[in-house]
Amino acid sequence: MTADAGTGTEEAADTDAATETGPADPGTAPAPEFRVRALPGIPEVRPGDDLAKLVAAAATSATGPTGRAGPALADGDILLVTSKVVSKAEGRVRHTAVPGDREAAIDEEAVRLVARRGPLRIVETRHGLVMAAAGVDASNTPAGTVLLLPEDPDASARALRAGLREVLGVNVGVLVTDTFGRPWRNGVTDVAVGAAGVRVLDDLRGARDTYGNALEGTVVAAADELAAAGELVKGKAAGLPVAVLSGLPQLVAPAGEEAGPGARELVREPAEDMFRLGTSEAVREAVTQRRTVREFTGAPVDPAAVRRAVAAAVTAPAPHHTTPWRFVLLESQAARTELVDAMREAWIRDLRELGGTAQAGGSGGHFTEESIAKRIRRGDVLRNAPYLVVPCLVMDGSHTYPDDRRNAAEREMFVVATGAGVQNFLVALAGEGLGSAWVSSTMFCRDVVREVLDLPADWDPMGAVAVGHAAAPPRQRPPRAAESFTVVR
C-alpha cells in the first residue's frame with residue numbers, strides 16, 4: 001500500500017508494502033498491492049455545489065498515481081469521500097443558535113436510543129447506523145452550525161459516481177465515509193456509510209484457505225477497510241476530504257452497474273444483532289420485556305439456559321445471609337403431566353367441596369360443573385408448556401421469636417426475598433430468549449406438590465413457572481408513569 005497525502009509529485013515519499021496471501025511460493029506471482037492517496041484541490045464546499053464537478057476539476061489538475069502528468073482518476077479506482085463535504089453540498093447544515101439545538105437535531109435524526117452516559121448518546125439513525133450523536137457533527141463546519149449525515153448516503157454515492165462518469169468518462173467506485181467508534185476498541189476509524197459501484201462485502205464462505213481449511217463464516221467488510229485506508233491520508237484537520245484508492249479494480253462494478261444494495265448491506269439485521277443495547281439499557285429492556293407468555297411453540301427448551309437463569313435468580317437479596325430458594329426443574333414430560341394432573345384433581349376437589357362461596361367463585365353460590373371446567377382450563381398454560389419450574393421457599397436460617405407478630409414478619413421477609421428470586425428468574429429467562437408465565441396454583445395445594453415431586457416437608461412451593469418459546473410476540477404495553485405509583489415525603 002502506498003499512502004501519499006501530498007500532491008503526488010514527491011515520489012520519494014511513497015512507501016510500497018506487499019501483502020502475501022499464504023505460504024505459497026513467493027516467486028510464483030507478484031504480491032498484491034494497492035495505492036491510496038489524498039486528492040488535493042477540493043475547495044470549501046457550500047450548499048448547492050456540484051460535488052462531482054469539484055472532484056473532477058481537482059482530479060484533472062492533479063497528477064496521476066505515479067506522479068506522471070494525467071488525470072488522477074482512472075477506471076477501477078475507488079473514491080473515498082468524507083461525508084461532511086457531501087452533507088455540505090446537499091445543504092445538510094443546521095444552525096445552532098443555542099446549545100440545545102444540537103440535541104434537537106440528534107432527536108430528529110435518531111430512531112432508537114441504544115445507550116446514554118451523561119450527555120453522550122449512542123443512537124440508531126434513520127439509515128440503520130448505530131453511532132454517537134446520530135452523526136450530528138460540529139467539526140469542520142463554521143461555529144454556530146452542525147452537519148447532519150446525508151439524507152441517503154447510498155444515493156449520494158450513486159450520484160457522485162454517475163457525475164464523474166459523465167464529466168471524466170471514468171468508471172470508479174465511490175464510498176461515502178464517516179467516523180465511528182467500535183465496541184471494545186479504543187479510538188475511532190472511518191467506515192463506509194454510503195457506497196456505489198463497490199462490493200462492500202467480500203463473502204469468502206465456501207472457499208478454502210491455503211491450508212485447505214473451509215471458510216465457514218468469513219464475510220469481510222471490504223468497504224469499511226477501504227474507508228479506514230482512506231482516512232490515513234485524508235486526516236481530520238488537513239483539509240483533504242477526498243482520497244483515491246487504486247489497484248483493487250476487482251471490487252468495482254462495471255460501468256452502469258451497481259455492486260449490491262450499497263452500504264446498507266453492512267447494517268446488521270436486528271434479529272442478528274447480539275449487542276443491540278448498552279448495558280444499563282439492556283437491563284431495563286430485560287425487565288420491561290419480561291412479559292407473561294401463555295402460548296408456546298413446540299420447540300424444546302435448552303436446560304442449560306434455565307440453569308443460567310437459576311444462577312441469576314439466586315443473586316437476589318435475602319435475609320440473614322441465607323439462600324431461601326430452591327428451584328425444582330421438571331424436564332420430563334412424565335413429571336410435568338403427573339404434577340399437573342394431581343394439581344387438577346386437588347383444584348376440582350377444592351372447588352366442589354370447599355370453595356363454592358362468593359369469595360371463591362364470585363357468583364354467590366356453589367360452582368357448577370361447567371364453571372369448574374372453565375376454571376380448570378386456566379391451568380392449560382402449565383399443561384402445554386414444554387418446561388416447568390417450581391420455585392420453593394425454604395426458611396433455613398430464619399429467626400424464631402416468642403410472639404406471633406414477629407414470626408409473621410420474619411416469614412413475610414423470606415417471602416419477599418423469594419419473590420425477588422422469582423423475578424430475577426423470569427427476567428433472566430427473557431434474556432435467554434424464553435417466554436414464561438408465573439402461575440400461583442402450587443401455593444394452593446402444597447402438600448400435593450410435595451408428595452408428587454417428593455420434596456422435603458419444609459419446602460413451600462411458591463407457584464409454578466411455565467417456560468418455553470413464545471408462539472407470538474406479546475402485545476405492546478403502554479408505559480407506566482412512576483408518579484402513579486410513588487409517594488414522596
Side-chain angles (χ1 to χ4, degrees), residues 38-62 71-73 77-98 101-102 104-110 125-127 129 131 133-179 190-198 227 230-231 234-244 255-256 258 262-264:
L39 183 64
I42 305 293
E44 175 64 24
V45 178
R46 304 182 187 282
D49 282 349
D50 188 326
L51 193 56
K53 289 183 179 179
L54 295 180
V55 172
T60 302
S61 62
L73 280 177
D77 284 349
I78 299 174
L79 199 70
L80 309 166
V81 185
T82 301
S83 66
K84 289 182 178 61
V85 295
V86 178
S87 296
K88 289 178 179 179
E90 296 179 354
R92 298 281 287 165
V93 182
R94 171 70 64 83
H95 292 278
T96 53
V98 295
D101 289 346
R102 181 171 184 264
I106 297 171
D107 291 339
E108 294 174 12
E109 293 294 296
T125 72
R126 292 176 291 99
H127 320 82
L129 305 170
M131 58 194 308
V136 177
D137 200 339
S139 63
N140 290 295
T141 186
T145 64
V146 294
L147 296 174
L148 314 183
L149 285 177
E151 188 77 29
D152 184 345
D154 285 327
S156 302
R158 289 192 296 269
L160 184 52
R161 184 187 189 215
L164 290 171
R165 186 164 57 246
E166 180 180 347
V167 176
L168 295 180
V170 295
N171 177 49
V172 298
V174 175
L175 293 180
V176 177
T177 70
D178 202 83
T179 303
D190 264 23
V191 302
V193 297
V198 180
E231 181 59 19
K234 288 188 294 180
K236 295 298 181 189
L240 298 168
V242 178
V244 180
E258 295 299 338
R264 180 73 193 185

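FYI, the numbering just counts along the sequence from 1.
Across Pro153 and Val176, no two heavy atoms sit closer than the pair O-CG2, 4.0 Å. Nearest approach of Leu175 to Ala195, heavy atoms of both residues: CD2-CB, 3.5 Å. The shortest heavy-atom contact between Pro241 and Val85 is CB-CG1, 3.4 Å. Heavy-atom minimum distance, Pro150 versus Val86: CG-CG1, 3.7 Å. The two residues Ala227 and Ala192 have their closest heavy-atom pair at CB-N, 3.8 Å. Closest approach of Ala110 to Ala134, counting heavy atoms only: N-CB, 4.5 Å.
Rounded to the nearest 0.5 Å, atoms CD (Glu108) and OG1 (Thr125) are 14.0 Å apart. In this structure, Arg165 CZ and Asn171 CG are separated by 6.5 Å, a value rounded to the nearest 0.5 Å. The distance from atom CG of Leu39 to atom NZ of Lys234, rounded to the nearest 0.5 Å, is 11.0 Å. The line from CZ of Arg92 to OG1 of Thr141 is 13.0 Å long, rounded to the nearest 0.5 Å. Between the CZ atom of Arg158 and the CG atom of Asp152 there is a distance of 6.0 Å, given to the nearest 0.5 Å. Between Leu148 atom CG and Ile106 atom CD1 the span is 10.0 Å, to the nearest 0.5 Å.
Side-chain contact between Leu149 and Met131 is present, with heavy atoms from C-beta onward closer than 4.5 Å. No side-chain heavy atom of Arg94 sits less than 4.5 Å from a side-chain heavy atom of Arg102.
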* Intermediate values then yes/no, salt bridge (charged side-chain N to carboxylate O under 4.0 Å, His left out), Asp137 and Lys84 -> CA-CA 9 Å; Asp137 200 339; Lys84 289 182 178 61; 2.8 Å; yes
* Evaluate side chain to side chain contact (heavy atoms under 4.5 Å, CB included) for Asp77 paired with Val170, printing each intermediate quantity in order. => CA-CA 9 Å; Asp77 284 349; Val170 295; over 6 Å; no
* To do: Applying side chain to side chain contact (heavy atoms under 4.5 Å, CB included), run through Leu147 and Val93 and close with a yes or a no.
  => CA-CA 5 Å; Leu147 296 174; Val93 182; 3.6 Å; yes
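Between Glu231 and Thr177, the side chains place no donor N or O within less than 3.5 Å of an acceptor N or O (distance only, hydrogens not considered).
In this structure Asp178 satisfies the salt bridge (charged side-chain N to carboxylate O under 4.0 Å, His left out) test with no other residue, sequence neighbours excluded.
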Going by atom type alone, with no hydrogens or angles, which donor-acceptor pairs under 3.5 Å involve a side-chain atom of residues 47-55 and a protein atom two or more places apart or on another chain?
{"unit_1": "Asp49", "atom_1": "OD2", "unit_2": "Arg46", "atom_2": "N", "d": "2.8"}
{"unit_1": "Asp50", "atom_1": "OD1", "unit_2": "Ala52", "atom_2": "N", "d": "3.1"}
{"unit_1": "Asp50", "atom_1": "OD1", "unit_2": "Lys53", "atom_2": "N", "d": "3.2"}

